[in-house]
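Here is the structure we will look at.
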Amino acid sequence: MITDVIIMAGGFGERLWPASSPSHPKQFMAVNNNISFLQESLKRSLALNIPGKIVIVTRRDIEEECTRQVKALSGLLSKDESKSLLGKTIVLAESLPKHTSAAIMSGVELVKKLTSSTSNTFMVLTSDHVITPVNQFVNDSMNASKAAEKGMFVCFSIQPAEASTAYGYIKAGPDLTGENHTFKIENFKEKPDLQTAEEYLNSGKYFWNSGMFAFTGDMFLSEMKKCTPEVSEAFEVVEKGRKPSLKKINGVTVIKKWAELNKAYEKVPAIAVDKAIAEKTENAATVKATFDWTDVGSWDTFSELCKEPANNKVVEIECENNFVYSDLPVSLCGVKDLVVVVKNGKVLVMKKGQSALVREAVNKIEE
């Protein structure tokens with residue numbers, strides 16, 4: 001069974017600018033029901049009914065906001081669920097952004113320090129996915145747990161809905177169970193060009209890499225040491241060091257002091273866990289997700305999810321297929337296929353389908 005969850009919740013709020021920002025990145029945003037993406041990830045973690053910890057790995061400057069999000073969610077839950085959430089959740093703030101290998105390594109080492117065990121089975125989630133229904137997610141997680149407990153590094157793969165160039169791809173190999181849900185990974189593919197993505201889609205053999213994983217602590221640490229030793233070497237100071245000291249912010253446990261982790265982050269290279277382990281290990285497997293999955297990584301995606309986008313009046317005259325997400329009244333005349341965002345005193349006007357340009361625009365306007 002899954003014993004512990006690590007939720008990656010860093011990010012600098014570039015892709016959903018200007019509604020998101022470094023101080024309020026997209027995991028704190030919500031669509032339709034006022035439950036943020038991070039809070040939805042926490043609810044999924046609770047649905048797994050784990051006995052261990054829920055570790056939110058985030059940036060130091062948004063640590064307090066993470067605790068507010070946890071506290072706010074606890075107030076919406078039943079008494080037992082609230083007690084479980086507040087009792088299990090720990091917010092771990094990184095001293096520097098060093099990509100997903102360091103973030104996950106930190107979570108694994110934290111649980112190891114607190115439990116004196118590396119036999120825990122971990123699930124790694126992100127804080128910006130929309131996943132439904134939850135019961136299918138739990139069922140698929142059980143399959144992932146079984147494979148992880150057999151020594152596999154498990155990636156969740158998603159049936160492609162289109163020839164997308166926004167995701168990395170997984171080519172599924174032999175069925176490991178005979179039940180058509182867990183497969184050996186034949187290989188990983190980087191984000192392709194459109195022609196290659198269409199070939200992947202038509203073949204029926206390739207799946208999107210969701211960025212969610214399952215593994216045991218023992219397997220993760222040993223494979224990191226074998227596949228990417230420079231990460232393990234940087235964390236030796238943590239391995240040999242003391243437990244971190246803890247404190248509470250808004251009733252939520254956070255790391256008060258962990259000098260050894262800060263030292264590790266000074267040395268550790270910034271490497272994605274896909275490249276550090278998943279693409280190198282001989283024991284990579286994938287569970288084909290049966291749940292619906294959306295990565296909220298662009299305004300195009302957000303506009304499809306958000307059914308009630310504007311709090312203020314929107315006037316459209318001779319317009320078609322526009323999306324407005326605004327703090328202020330907006331009038332549109334004779335235009336179509338636009339995304340208009342007015343938030344935090346800034347404005348984005350984007351043609352639908354051009355989300356890939358937003359990050360470049362953010363960099364230029366912030367200069």
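These numbers were taken from a predicted model, which means no experiment stands behind them.
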(message) I'd like to check the ring-ring contact (aromatic ring centres under 6.0 Å, His included) partners of Phe213; sequence neighbours left out, ordered by chain and number.
(response) Phe153

(message) Among residues at least two apart in sequence or on other chains, which ones pass ring-ring contact (aromatic ring centres under 6.0 Å, His included) with Phe235?
(response)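 Once residues adjacent in sequence are excluded, Phe235 has no partner under the ring-ring contact (aromatic ring centres under 6.0 Å, His included) criterion.
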
(message) Tell me which pairs pass side chain to side chain donor-acceptor pair (under 3.5 Å) where either residue lies in residues 205-215, with sequence neighbours left out.
(response) Tyr169-Trp208, Asn209-Asp274

Could you identify which residues cluster with [X], counting Ile, Leu, Val, Met, Phe, Trp and Tyr as linked when any side-chain heavy atoms lie under 4.5 Å apart, either directly or through a chain of such contacts?
| X | answer |
| --- | --- |
| Phe207 | none |
| Ile317 | Val315 |
| Ile185 | Ile170, Phe188 |

Side-chain atoms of residues 19-26: list all donor-acceptor pairs with protein atoms under 3.5 Å, sequence neighbours left out, distances to 0.1 Å.
residue : atom : partner : partner atom : Å
Ser20   : OG   : Gly13   : O            : 2.9
Ser20   : OG   : Leu16   : O            : 3.1
Ser20   : OG   : Trp17   : N            : 3.4
Ser21   : OG   : Ser23   : OG           : 3.3
Ser21   : OG   : His24   : N            : 3.2
Lys26   : NZ   : Asp128  : OD2          : 2.9
Lys26   : NZ   : Val296  : O            : 2.9

(message) Counting neighbours of NZ on Lys146 that are heavy atoms of other residues, nucleotides or ligands and sit closer than 6.0 Å, is the number greater than 12?
(response) no

(request) Any ring pair (Phe, Tyr, Trp, His ring centres under 6.0 Å) involving residues 236-291? Give me the pairs, sequence neighbours left out, ordered by first then second residue. (result) Phe137-Phe291

(request) Quick one: list whatever passes salt bridge (charged side-chain N to carboxylate O under 4.0 Å, His left out) with Lys247, sequence neighbours left out. (result) none

(request) Assess Arg15 against Phe302: is NZ or CZ under 6.0 Å from the centre of the six-membered ring, and within 45 degrees of the ring's axis? (result) no

(request) Check side-chain hydrogen bond (donor to acceptor under 3.5 Å, both in side chains) between Thr281 and all other residues, then give those that pass, not counting sequence neighbours. (result) Glu223

Please set out all donor-acceptor pairs under 3.5 angstrom arising from side-chain atoms of residues 41-48, sequence neighbours excluded.
residue : atom : partner : partner atom : Å
Ser41   : OG   : Phe37   : O            : 3.3
Ser41   : OG   : Arg44   : NH2          : 3.1
Ser41   : OG   : Thr126  : O            : 2.8
Arg44   : NH2  : His129  : O            : 3.2
Ser45   : OG   : Ser41   : O            : 2.9

(request) Using the test side chain to side chain contact (heavy atoms under 4.5 Å, CB included), find all partners of Asp175 that sit at least two apart in sequence or belong to another chain. (result)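 Expected list: Thr177, Asn180, Phe183.
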
(request) Return yes if a side-chain donor-acceptor contact under 3.5 Å exists between Ser106 and Glu94, otherwise no. (result)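 On atom types as modelled, these side chains do not qualify, holding no pair under 3.5 Å.
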
